[in-house]
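What follows is one structure encoded as structure tokens, with my remarks underneath.
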Amino acid sequence: MLGDVFDTEDLPVRDRVEAWREITANALVPNEFRVDPVSGFRASLRAANLGGAQVAAMTYGSHRTRRTPG
């Protein structure tokens, strides 16, 4: 069963993009993305540990992303 780890709904709109940037960089890979600032960006990350592996499910609004080195 996947558990809620992070949901932007819990944050003020002005803090959502930066919080998503930080959580995805720490949990997945460093990345850059652009979001329409008036969109009220929403995103969530759920995860479950399965022994030596982790399964994650993400939902997020439209945005452009680019992997960065590192």
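Residues V5 and R46 fail the side-chain proximity criterion, which asks for heavy atoms closer than 4.5 Å.
Here side-chain hydrogen bond (donor to acceptor under 3.5 Å, both in side chains) pairs that include residues 8-17, with residues two or more places apart or in two chains, are E9-R42.
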**Request:** Could you go through the side-chain contact (heavy atoms from CB on, under 4.5 Å) check for M58 and F6 one step at a time?
**Result:** CA-CA 10 Å; M58 297 185 296; F6 176 82; over 6 Å; no
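The heavy-atom pair separating S44 from W20 by the smallest distance is O-CH2, 3.5 Å.
In this structure, CZ in F41 is found 9.0 Å from CZ in R21, a value given to the nearest 0.5 Å.
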